[in-house]
Amino acid sequence: MNAVEQVQQMIKDALQQAIQQAQLVEDASALNIQLSQPKDKANGDYASNVAMQLTKLAQKPPRAIAEAIVANLATEGTDIEKVDIAGPGFLNITVRKDFLADVVEAALAQGEKFGQSTAGAGEKVQVEFVSANPTGDLHLGHARGASVGDSLCNVLAAAGYDVSREYYINDAGNQINNLAYSLEARYKQALGQEAEMPEDGYNGQDIIDIAKKLADEFGTTILDKPEEERFAFFREHGLKLELDKLKTDLANFRVDFDVWYSETSLYNNGKIDVALTKLKENGHVFEEDGATWFRSTTFGDDKDRVLIKKDGSFTYLTPDIAYHEDKINRGFTKLINIWGADHHGYIPRMKAAIEALGYNRDTLEVEVIQMVQLYKDGEKFKMSKRTGNAVTMRELVEEVGLDAVRYFFVKTAGDSHMDFDLDLAVSQSNENPVYYAQYAYARIASILRQATEQGFEASTANLDLLGAEKEIDVLKKVGDFPTVIAEAAKHRTPHRIATYIQELAAAFHSFYNAEKVLDATNKERTEARLALITAVRITLANALRLIGVAAPEKM
RNA sequence: GUCUCCGUAGCUCAGCUGGAUAGAGCAAUGCCCUUCUAAGGCAUCGGUCGCAGGUUCGAAUCCUGCCGGGGACGCCA
């Protein structure tokens, strides 16, 4: 438990004791006392609404309850400085600021680990995200999913979960056949031959590039081979090159997966049959119209789903069911899937499948990422993999910059729709909020460099000299960091890290303008402030790392 | 038509399990660089929290119904 949490716990304990003492309820230990941080500093450091919550139980008006609590509150020898009753019955608690010095010491001592906690208790969590088909370039939606997914993983790991990040490769099914046929057509075109693209072909530039590469290497020899061999050639090479490209693009986006899981492997190792058999044995499968169905309506789905089509092939769902059972078999107790909103309707059937296999449906948690609407020249910019005019993730990064893109996508809640004005992002990139945080970091780095030149050294010896209003504001923000991470992990809301970064940077900028750090006439205070801003530097660096944004030493 | 997500300042978005006069950035206006990076700070302007009911001591937050927008409703993936 960090210093801030200790103080909060102490307050909660004291309140609980006072409530018991005042005999407002029979058993105060059963109460879940909550503290909030008032927006207005005039209302103290912490506030509790417990007096209002107890109106029913205690059968008294809230202010009377509040007064009874205060009368019985033991503050002697604690960090509680004073307690006021305000408004309808809020308890406004002001604490001594001494404990905040511990925050600086903790940040300095823990360094890169500052902010981490054991809140997740080592729970084995698997996060599957992006998982785009290897048939084209990653686009805007994938970029948002990658930003949110990667940041969520970082946050979970920092909060003490055992996280594995995974990419499910859809390397089986129709779309791969289309890939092969599309590639063959582009291959012929690359060799100057007439060739028509298949009707459902992939028209992306990436296929053209890959075809050219292959044509340069293999020439016309491939085209003389029998159809089956040609198909296998284009399928295999297309997949490999598409996958290589995906991996490179994601690595350049600062996203690294622990596992790349092949759908085809499920066909080869019999896991699909195992899952199917289990569903059958559990009585959730039936035959109709020449197809094999999963009675998902038993588990709340709005219609039953086909598992094996009339032609004997599997639907997309079938290997996906086997895949999810395999995840559970690998020991994960929580499966978090990050899906685009266009797959929203798929959730009930997947949860149904998990339940039908005998597991708790809540083992699977799906975080839906809403669509990104791109605007260009003041108009909606439609993207389509099919027609090939998509704005790719790569292009976006080239135009806007990686830090800005990652920040932009993670700063809003995933379930909110998002408008991305490309012109604005490009033309006013210097006004992107990400620079605000990075600038704070660079400013600190600059001060620290000059401090060294002037012979100062950060010191925790005189932290009691920190007491100016802006210093306290910064200290409080730094102290919040571990709690912010734990909450963001618990609620799967990595965007809270971005919000926190803005707040911390704002607190620092404000402090910077109000107080001078380097002061040759006051060595003690200078070195205490150096310790303070070093704590901010550490916190900013750790927070930015969580969302995959760089912390520049200079700007 | 059914399901689902969203609707908060001119724009883009926060608002934690309901809590005290609803916040930030951008835009607009006015100040602040002989002082550690002005990609900054301070201040002002700006909102019937889509609408109407309901639950509650208390609702932007929970429930219902409308209105508006996105998405999904395949033996595609």
Side-chain angles (χ1 to χ4, degrees), chain A residues 32 34 36-40 42-43 47-49 52-53 55-56 61-62 86-90 92 133 135 170 172-176 178 200 263 288-293 302-303 305-317 320 340-348 368 370-371 373 408 411-421 424 428-440 442-451 454 470 483-484 487-488 490-491 493 495-496 498-499 502-503 505-506 508-519 526 529 533 554-555:
Chain A
N32 180 22
Q34 299 290 332
S36 60
Q37 295 189 34
K39 289 165 210 154
D40 190 340
N43 290 328
S48 175
N49 58 0
M52 280 120 79
Q53 287 176 327
T55 46
K56 279 236 173 76
F90 283 100
N92 289 337
N133 290 343
T135 53
N170 298 124
N174 272 334
Q175 79 279 7
I176 298 304
N178 281 334
D200 295 325
E263 180 185 1
E288 195 173 290
D289 298 335
T292 302
W293 296 68
D302 58 351
K303 54 183 83 161
R305 308 294 172 179
V306 171
L307 291 168
I308 305 174
K309 297 181 239 174
K310 231 180 238 173
D311 67 3
S313 64
F314 297 127
T315 60
Y316 179 79
L317 177 65
D320 211 14
D342 52 339
H343 289 75
H344 201 174
Y346 195 77
I347 297 172
V368 173
Q370 291 297 334
M371 302 268 121
Q373 180 63 60
F408 198 90
K411 80 188 250 292
T412 63
D415 58 8
S416 116
H417 301 275
M418 181 175 169
D419 290 341
F420 194 118
D421 188 329
L424 192 73
Q428 303 194 359
S429 60
N430 275 2
E431 284 166 13
N432 190 301
V434 70
Y435 294 94
Y436 184 80
Q438 292 186 317
Y439 184 51
R443 265 184 158 173
I444 294 170
S446 172
I447 297 173
L448 292 175
R449 280 192 298 272
Q450 291 172 65
Q454 296 174 27
K470 301 295 183 186
T483 310
V484 169
E487 287 292 304
K490 185 179 166 194
H491 297 284
T493 48
H495 75 274
R496 287 195 199 179
T499 306
Q502 285 305 299
E503 291 169 0
F508 170 75
H509 283 308
S510 184
F511 158 76
Y512 177 93
N513 277 274
E515 312 287 349
K516 188 130 194 269
V517 175
L518 302 177
D519 179 3
T526 295
R529 283 182 172 165
I533 66 167
K554 283 182 185 174
M555 282 177 77

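Just so it is clear: chains get the letters A, B, ... in the order the sequence lines come, proteins before strands, and each one is counted from 1. Every value quoted in this text rests on a predicted model; they were computed, and no experiment measured them. Heavy atoms only: backbone and side chains are in, while hydrogens, waters and symmetry mates are out.
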message = Side-chain N or O of A/Ser446 versus OP1/OP2 of B/rU37: is the shortest distance under 4.0 Å?
response = yes
Pairing nucleotide - B/rG1, Watson-Crick or G-U, each distance under 3.5 Å = B/rC73
ask   = When you check the phosphate oxygens OP1 and OP2 of B/rA77, does a side-chain N or O of A/Lys309 lie under 4.0 Å from one of them?
value = yes
request  = For A/Ala498, answer base if it contacts any base atom (sugar-phosphate contacts may also be present), sugar-phosphate if it contacts only those atoms, and nothing otherwise; contact means non-hydrogen atoms under 4.0 Å.
outcome  = nothing
inquiry  = Below the 4.0 Å mark, does B/rG41 have OP1 or OP2 next to a side-chain nitrogen or oxygen of A/Tyr436?
reply    = yes
note = From CD of A/Gln373 across to P of B/rC11 the rounded distance in Å is 16 Å
query = Whole-Å distance between B/rC75 P and A/Leu317 CG?
reply = 11 Å
remark   = Sorted by position of nearest nucleotide on RNA chain B, 5' first, the leading residue of A/Asn174 and A/Ala506 is A/Ala506
ask   = Between A/Ser510 and B/rC42, is there a side-chain N or O to OP1/OP2 distance below 4.0 Å?
value = yes
key: Note, A/Phe90 side chain near A/Asn43 side chain (heavy atom, < 4.5 Å)   = no
ask   = Nearest-Å distance, OH (A/Tyr512) to P (B/rC32)?
value = 18 Å
message = Could you tell me the Watson-Crick or G-U partner of B/rG23, where both distances fall under 3.5 Å? Say none if there is no partner.
response = B/rC13
query = Mind checking who B/rG7 pairs with, Watson-Crick or G-U wobble, both distances under 3.5 Å?
reply = B/rC67
ask   = Relative to A/Phe508, does A/Arg443 satisfy both conditions: NZ or CZ under 6.0 angstrom from the six-membered ring centre, and within 45 degrees of the ring's axis?
value = no
query = When the C1' atoms of B/rU12 and B/rG7 are considered, how many whole Å apart are they?
reply = 14 Å
Identified pairing partner of B/rC62, criterion: Watson-Crick or G-U wobble below 3.5 Å = B/rG54
ask   = Between A/Arg443 and B/rA38, does any side-chain N or O lie under 4.0 Å from OP1 or OP2?
value = yes
query = Do A/Leu317 and A/Leu307 touch side chain to side chain, with heavy atoms closer than 4.5 Å?
reply = yes
request  = Please report the closest heavy-atom contact between A/Met555 and A/Ala442, naming both atoms and the distance.
outcome  = CG-CB, 3.9 Å
ask   = Is any side-chain heavy atom of A/Arg305 closer than 4.5 Å to a side-chain heavy atom of A/Trp293?
value = no
request  = In whole angstrom, give me the gap between the P atoms of B/rC6 and B/rC62.
outcome  = 9 Å
request  = Grab the two heavy atoms, one from A/Glu487 and one from A/Thr493, that are nearest each other, plus how far apart they are.
outcome  = O-OG1, 4.2 Å
ask   = Between A/Lys303 and B/rG74, does any side-chain N or O lie under 4.0 Å from OP1 or OP2?
value = yes
task = Sugar-phosphate atoms are those with a prime plus P, OP1 and OP2; base atoms are the rest. Using that split, label each nucleotide of nucleotides 15-24 of chain B B, S or - for protein heavy atoms under 4.0 Å, 5' to 3'.
result = SSB-BBB---
request  = In whole angstrom, give the distance that lies between atom CD1 of A/Ile447 and atom P of B/rG40.
outcome  = 15 Å
query = When the C1' atoms of B/rU56 and B/rA14 are considered, how many whole Å apart are they?
reply = 26 Å
A/Glu515 CD - B/rC36 P separation (whole Å) = 15 Å
ask   = What distance, rounded to whole Å, do you find between the two P atoms, one in B/rU44 and one in B/rA38?
value = 23 Å
key: Chi-based syn or anti call at B/rC33, which uses purine or pyrimidine torsion atoms and a 90° bound   = syn
inquiry  = Salt bridge or not between A/Arg529 and A/Glu515? Use side-chain N to carboxylate O under 4.0 Å.
reply    = yes
request  = Determine: side-chain N/O of A/Tyr316 to OP1/OP2 of B/rC75, distance under 4.0 Å, yes or no.
outcome  = no
key: Flag side-chain contact, heavy atom, 4.5 Å: A/Lys470 against A/Tyr512   = no
inquiry  = For a quick test of reading the model: is some side-chain N or O of A/Tyr435 closer than 4.0 Å to OP1 or OP2 of B/rA39?
reply    = no
inquiry  = So which atom in A/Ala341 and which in A/Val368 form the shortest heavy-atom distance, rounded to 0.1 Å?
reply    = CA-CG1, 3.6 Å
query = Between B/rU37, B/rG40, B/rC13, which nucleotide gets closest to the side-chain atoms of A/Asn513?
reply = B/rG40
note = Among the nucleotides B/rA39, B/rG71, B/rA77, whichever has the atom closest to the side chain of A/Ala341 is B/rG71
key: Mate of B/rC49 where both pairing distances stay under 3.5 Å, Watson-Crick or G-U   = none
Same-atom distance (C1') from B/rC49 to B/rA22, integer angstrom = 8 Å
key: A/Lys310 NZ to B/rG74 C1', straight-line distance once rounded to whole Å   = 13 Å
message = Side chains of A/Lys554 and A/Arg449, heavy atoms from C-beta outward: is any pair under 4.5 Å?
response = yes
inquiry  = Students often get this wrong, so: under 4.0 angstrom with heavy atoms, is A/Asp421 touching a base, only sugar-phosphate, or nothing?
reply    = nothing
Any A/Lys309 side-chain heavy atom under 4.5 Å of A/Thr315 side chain = yes
message = What is the separation between atom CG on A/Asp289 and atom P on B/rG74, rounded to the nearest whole Å?
response = 15 Å
ask   = So which nucleotide does B/rU35 pair with, by the Watson-Crick or G-U wobble rule with both distances under 3.5 Å?
value = none
P-based separation of B/rG53 from B/rG30 [nearest Å] = 43 Å
ask   = Aromatic rings A/His343 and A/Tyr346: how do their planes relate, parallel, tilted or perpendicular, breaks at 30° and 60°?
value = perpendicular
task = Determine whether the side chains of A/Asn133 and A/Thr135 contain a donor N or O and an acceptor N or O closer than 3.5 Å.
result = no
query = Rounded to whole angstrom units, what separation is found between the CG atom of A/Asp311 and the C1' atom of B/rG74?
reply = 14 Å
task = Using the P atom on both, measure B/rA59 against B/rG71 and round to a whole Å.
result = 35 Å
note = Any strand, both distances under 3.5 Å, Watson-Crick or G-U wobble: B/rU44 pairs with B/rA28
query = Which sits closer to the 5' end of RNA chain B, A/Lys516 or A/Phe408, going by the nucleotide each is nearest to?
reply = A/Phe408
Each nucleotide N or O in nucleotides 2-6 of chain B that has a protein N or O under 3.5 Å away: list the pair and distance.
unit_1: B/rU4; atom_1: O2'; unit_2: A/His344; atom_2: ND1; d: 2.8
unit_1: B/rU4; atom_1: O2'; unit_2: A/His344; atom_2: NE2; d: 3.2
unit_1: B/rC5; atom_1: O2'; unit_2: A/Gln370; atom_2: NE2; d: 3.1
unit_1: B/rC5; atom_1: O2'; unit_2: A/Asp415; atom_2: O; d: 2.9
unit_1: B/rC5; atom_1: O2; unit_2: A/His417; atom_2: NE2; d: 2.8

ask   = When rounded to the nearest Å, what value does the distance between P atoms of B/rC63 and B/rC45 take?
value = 36 Å
